[in-house]
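Throughout, a chain's letter reflects where its sequence line sits, starting with A, and its residues are numbered from 1.
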Amino acid sequence: IHFILLFSRQGKLRLQKWYMTLPDKEKKKIIREIIQIILSRNQKTSSFVDWKDLKLVYKRYASLYFCCAIEEQDNELLTLEVIHRYVELLDRYFGNVCELDIIFNFEKAYFILDEFIIGGEVQETSKRSAVKAIEDSDMLQE
Amino acid sequence: MPAPIRLRELIRTIRTARTQAEEREMIQKECAAIRSSFREEDNTYRCRNVAKLLYMHMLGYPAHFGQLECLKLIASQKFTDKRIGYLGAMLLLDERQDVHLLMTNCIKNDLNHSTQYVQGLALCTLGCMGSSEMCRDLAGEVEKLLKTSNSYLRKKAALCAVHVIRKVPELMEMFLPATKNLLNEKNHGVLHTSVVLLTEMCERSPDMLAHFRKVTQLSSSQLVPQLVRILKNLIMSGYSPEHDVSGISDPFLQVRILRLLRILGRNDDDSSEAMNDILAQVATNTETSKNVGNAILYETVLTIMDIKSESGLRVLAINILGRFLLNNDKNIRYVALTSLLKTVQTDHNAVQRHRSTIVDCLKDLDVSIKRRAMELSFALVNGNNVRGMMKELLYFLDSCEPEFKADCASGIFLAAEKYAPSKRWHIDTIMRVLTTAGSYVRDDAVPNLIQLITNSVEMHAYTVQRLYKAILGDYSQQPLVQVASWCIGEYGDLLVSGQCEEEEPIQVTEDEVLDILESVLISNMSASVTRGYALTAIMKLSTRFTCTVNRIKKVVSIYGSSIDVELQQRAVEYNALFKKYDHMRPALLERMPVMEKVTTNGPTEIVQTNGETETAVLETKPPPTGLQPASQANDLLDLLGGSDITPVIPTAPTSKPASAGGELLDLLGDLNLTGSPGSAPAPQVAQPPFLLDGLSSQPLFNDIAAGIPSITAYNKNGLKIDFTFERSNTNPSVTVITIQASNSTELDMTDFVFQAAVPKTFQLQLLSPSSSVIPAFNSGTITQVIKVLNPQKQQLRMRIKLTYNHKGSAMQDLAEVNNFPPQSWQ
């Protein structure tokens, strides 16, 4: 995975995780472009978009779009599962997660993501383990 | 100073802003507060402030002044600080920042921290965005952690190692020993990340790959069997709540293992054989009702197709893809089409079976699916199904989005050319494309089409009639109009004589034909090139029409003062034809011969035919009054329409590349691009560079026949002309003669023009000379290339005429060249 973006239906960014280095300006441009592309797609289209030399895999959950950019050889269908797993983790942690949770607790959303994915690759396939790690870390907070 | 507001508070406040300006104001105020707080080195609230800063950063506001603060947080002992600090580092401190390296020491310390969660933070940060230097420095620590028994850390270390390898591939060796035990773990997290690590290593280094194929692991088993075993356990084991996704056990791990197997099995018979069974098992036993199952099947199919699997397995895989195609879920169809595209060359017949489903996908609403279906359809067209497929594709062309039309049109042309069942069908198809998507047809398709039409001799009347009817109503689609104009110019006589056999002949008068051509000329919609076509067409009709010659003369003379330089030049030349060289007009404007289609070895071998047939051609150039074209030979050829470069269409290779659309682009891009006769660009514009550039200095053919002796063709009054010859073994009727003219007198010869004529059975083409001045004292030469087509292998004879200025007077001489060596024409 090259990067992950979460944004609302109004095009507001809620989370951005980049697994490769780009200048800030470039990132902003990419974000704008991708949000536009995805928001303009309707229900009838597939969840995959060819973009530059990457593939964008996106899924909408309620009012939030989750978008991953993967490489040519990555499995698109599996990426949909990755997105779904992340949503499940958020749900387990927050309990019936909604967009507001992610807005007000964005740093937690990042922490959860970091327990699930490192360097663009999945690190933990067990829901239980991932959430437990976050909860234990929370305990350590003073 | 009051305590800085809490993060949530800030978020709440900002969200109440109703306008962008209001939001900006709040942010600025808060930033100022945060800045002063940073200045005061406030340790207690630093964490809170940085968190707020990160929020504002996400909204798009600059946050660079927080970078150092992140570093301080990372260095702090408090876990809360570290957490936010590392998050801030990942968001603000990528490797392009100067202070990035300052993190290294902190990370190093934290990698050795007593609390695993701190170590985890450090590993995560390093693994997400560590720079190459940092990776180099800390690789050793990572390697150590890779060997720890703590699975929480081990999995993170593995992915960190992946990142290190990506950044600094040379360090790969370092991690090799640690990989020995990785797959013995029970912990799925570690298993998964280990497989990722192994995959990365195998993908990057063929040596590693070889190593892993053969190495004996600790428990005396090789990698492939080990992976197979793990996979088998996953499938066979009962329900495991921890890793279950919709009834499937740890699909993430399954897919990664399948991918690693793919890499190990590629091009390796032994490995492939070892995994045949498990692949078959996965392919048949996986539940397909949910996306998860399909994800696994997809990966399995990819693996089967990529390794050296047995044919039964391959058929199984393609059938799975076929089933995918019928699935209602668009994502699955998308994935199926993509995979089929990759396999269509190798397993062509198997994919053919699903042709009708693929064609149905052309009607899908999703753009990406349509594109893939189109490419796949082109790949599947063959002699048997061409009529049916074309019907579908033409329908598709009609209704598809504009971005597809150009590719689709090109694809249809190519397929039609290869598999056309009859000439009439071919012409009809072309007509359909031109009228449906005329404006999207690529410019270089026009010369191809013209050549095609020329070669279908018996269809001329039919073709010109249909084209005429097509542009009667609408002459806005440029490629259509260009082809139509050219045809009308060539076959206008057939049109007015009502000779059509294939369909009901229409009654057209000469005036009506001229009407339409003039409208094209006048219309604002016509491009400059199109106008050129039209004008030349009108001119050609002067020899084919009988009653309207005066009208043609008038039109031509009007354009003698056109603003468009190209048109003006043509008009003036044509005018000159009418006035001074009327006797030559019929010969020059004669019907085009059938053009030769030649297979090409590449840009160096291009055979050209000029526009002349029976009569011997004296390639003279009537000096245009008042115009100074730089290279006169070009103008001449222009006039004759003889400089048309036969569009050379390489016979398409039998193995088509995955994306037929892409191949088309390449093919057409390779073609020599100046348009059909009559549309040659103004002489000042460079002809396709490689054509002329190659000519003067390099041998033209890749396989030059053994050296043919050169001759001195002419040697008088200090002017010497030598001929050197080249012939190709693959195309023995073409001889290329390079003439070199040298001047041994003490004064330069200027305005030198070389002209040549050959007997009837030959065809001659003269290309532009290198210059028109031969310097004195043999200090330089003029070179010029002549191409002679000698299909009947008759003895080569040539009459040459030389004109030049020397010592202030104009000189002219005629000579015959009879001493061609036999090797140049036999």
J.: Please check if the side chain of B:D364 supplies one atom and the backbone of B:C361 the other of a donor-acceptor pair under 3.5 Å.
T.: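 Not a single qualifying donor-acceptor pair exists.
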
J.: What's the spacing between B:R15 CZ and B:L59 CG if we round to 0.5 Å?
T.: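 CG of B:L59 is found 10.0 Å from CZ of B:R15.
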
J.: Can a donor-acceptor pair be found, under 3.5 Å and without considering hydrogens, that links the side chain of B:H113 to the backbone of B:Q119?
T.: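 Looks like no, no N/O pair under 3.5 Å.
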
J.: Within residues 27-39 of chain A, which residues come under 4.5 Å of chain B, heavy atom to heavy atom?
T.: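 Hits under 4.5 Å: A:K27, A:K28.
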
J.: Can you tell me which portion of B:R166 sits under 4.5 Å from chain A's heavy atoms? Options are side chain, backbone, both or neither.
T.: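 For B:R166, the contact with chain A is made by the side chain alone.
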
J.: Counting only heavy atoms closer than 4.5 Å, note whether B:L191 contacts chain A via side chain, backbone, both or neither.
T.: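 Neither part.
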
J.: Report which part of B:V292 has an atom under 4.5 Å of a heavy atom belonging to chain A: side chain, backbone, both, or neither.
T.: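 Both parts, backbone and side chain.
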
J.: About how many Å separate OG of A:S126 and CZ of A:F116, when rounded to the nearest 0.5 Å?
T.: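 Reported value, rounded in 0.5 Å steps: 11.0 Å.
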
J.: Can you check whether A:Q10's main-chain N or O pairs, donor with acceptor, with A:S8's side chain at less than 3.5 Å?
T.: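 Here the side-chain-to-backbone pair exists.
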
J.: Counting only heavy atoms closer than 4.5 Å, note whether B:Y86 contacts chain A via side chain, backbone, both or neither.
T.: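 Nothing of B:Y86, per the 4.5 Å heavy-atom cut-off to chain A.
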
J.: Regarding B:R372 and B:T338, do their side chains bring together a donor and an acceptor under 3.5 Å, going by distance alone?
T.: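 Yes, side-chain donor-acceptor contact under 3.5 Å.
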
J.: So do the side chains of A:I117 and A:I4 get within less than 4.5 Å of each other, counting heavy atoms only?
T.: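 Result yes, sub-4.5 Å side-chain heavy-atom pair found.
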
J.: Given 3.5 Å as the limit, does a donor-acceptor pair link the side chain of A:D50 with the main chain of A:K55, or not?
T.: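 It does not hold such a pair.
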
J.: For B:F252, is the NZ or CZ atom of A:R85 found under 6.0 angstrom from the centre of its six-membered ring and inside 45 degrees of the ring axis?
T.: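 So A:R85 doesn't make the cation-pi contact.
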
J.: Output the option from B:L253, B:V162, B:V118, B:L91 having the highest count of non-hydrogen pairs under 4.5 Å with chain A.
T.: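 Most pairs with chain A among the choices: B:L91.
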
J.: Identify which of B:M129, B:H243, B:R256, B:H163 forms the greatest number of heavy-atom pairs closer than 4.5 Å to chain A.
T.: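 Ranked by contacts with chain A, first place is B:H243.
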
J.: Given the options B:T193, B:N331, B:I369, which has more heavy-atom pairs under 4.5 Å with chain A than any of the others?
T.: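 Greatest number of close heavy-atom pairs with chain A: B:N331.
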
J.: Does any heavy atom of chain A fall under 4.5 Å from the side chain of B:R262, the backbone, both, or neither of them?
T.: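 For B:R262, the contact with chain A is made by the side chain alone.
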
J.: Would you say the side-chain atoms of A:R41 pair up with the backbone N or O of A:F48, donor to acceptor, closer than 3.5 Å?
T.: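 Side chain of A:R41 to backbone of A:F48, a donor-acceptor pair under 3.5 Å: yes, one is there.
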
J.: Pick from B:Q116, B:M90, B:H192: which one has the most heavy-atom pairs with chain A under 4.5 Å?
T.: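 Among B:Q116, B:M90, B:H192, the one with the most close pairs to chain A is B:H192.
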
J.: Under 3.5 Å, is there a donor on one side chain and an acceptor on the other for A:E115 and B:Y152?
T.: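 A donor-acceptor contact under 3.5 Å links the two side chains.
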
J.: Let me know if B:E203 has heavy atoms under 4.5 Å from chain A in its side chain, its backbone, both or neither.
T.: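 Interface part for B:E203: side chain.
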
J.: What option among B:G127, B:P251, B:C124 has the most heavy-atom pairs under 4.5 Å with chain A?
T.: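 So the answer, after comparing B:G127, B:P251, B:C124, is B:C124.
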
J.: What is the ring orientation for A:F66 with A:Y86, classed by angle as parallel under 30°, tilted 30 to 60°, or perpendicular over 60°?
T.: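 Perpendicular.
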
J.: Which region of B:S131, side chain (C-beta onward) or backbone (N, CA, C, O), has a non-hydrogen atom less than 4.5 Å from a non-hydrogen atom of chain A, or is it both or neither?
T.: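 Neither part.
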
J.: Quick check: does any side chain N or O of B:Y61 sit under 3.5 Å from a backbone N or O of B:L53, one acting as donor and the other as acceptor?
T.: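 Not a single qualifying donor-acceptor pair exists.
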
J.: Under 4.5 Å heavy-atom distance to chain A, tell me which part of B:K370 shows up: side chain, backbone, both or neither.
T.: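 Neither the backbone nor the side chain of B:K370 comes within 4.5 Å of chain A.
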
J.: If you count heavy-atom pairs under 4.5 Å between each of A:K17, A:M20, A:K127 and chain B, which one has the most?
T.: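 Maximum pair count with chain B is reached by A:K17.
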
J.: Under 4.5 Å, heavy atom to heavy atom, which residues of residues 97-107 of chain A contact chain B?
T.: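 A:L100, A:I103, A:F104, A:N105, A:F106, A:E107, listed by number.
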
J.: Is it the backbone or the side chain of B:L87 that comes under 4.5 Å from a heavy atom of chain A, or both, or neither?
T.: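 Just its side chain gets close to chain A.
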
J.: Using a cut-off of under 4.5 Å on heavy-atom pairs, state which of A:V57, A:D24, A:V82, A:T79 scores highest against chain B.
T.: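 Top count of heavy-atom pairs under 4.5 Å with chain B: A:V82.
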
J.: Taking A:E72 for its side chain and A:D53 for its backbone only, find out whether a donor-acceptor pair lies under 3.5 Å.
T.: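 No; judged by distance alone, with no hydrogens or angles, the pair does not exist.
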
J.: Would you say the side-chain atoms of A:Q123 pair up with the backbone N or O of A:D114, donor to acceptor, closer than 3.5 Å?
T.: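 Pair found, side chain donor or acceptor close to backbone of A:D114.
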
J.: Of all of B:K82, B:R259, B:R12, which one pairs up most often with chain A through heavy atoms under 4.5 Å apart?
T.: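 Looking at each option in turn, the highest pair count goes to B:R259.
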
J.: Do side-chain atoms of B:R48 reach the backbone of B:L7 as a donor and acceptor pair under 3.5 angstrom?
T.: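 Side chain of B:R48 to backbone of B:L7, a donor-acceptor pair under 3.5 Å: no, none is there.
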
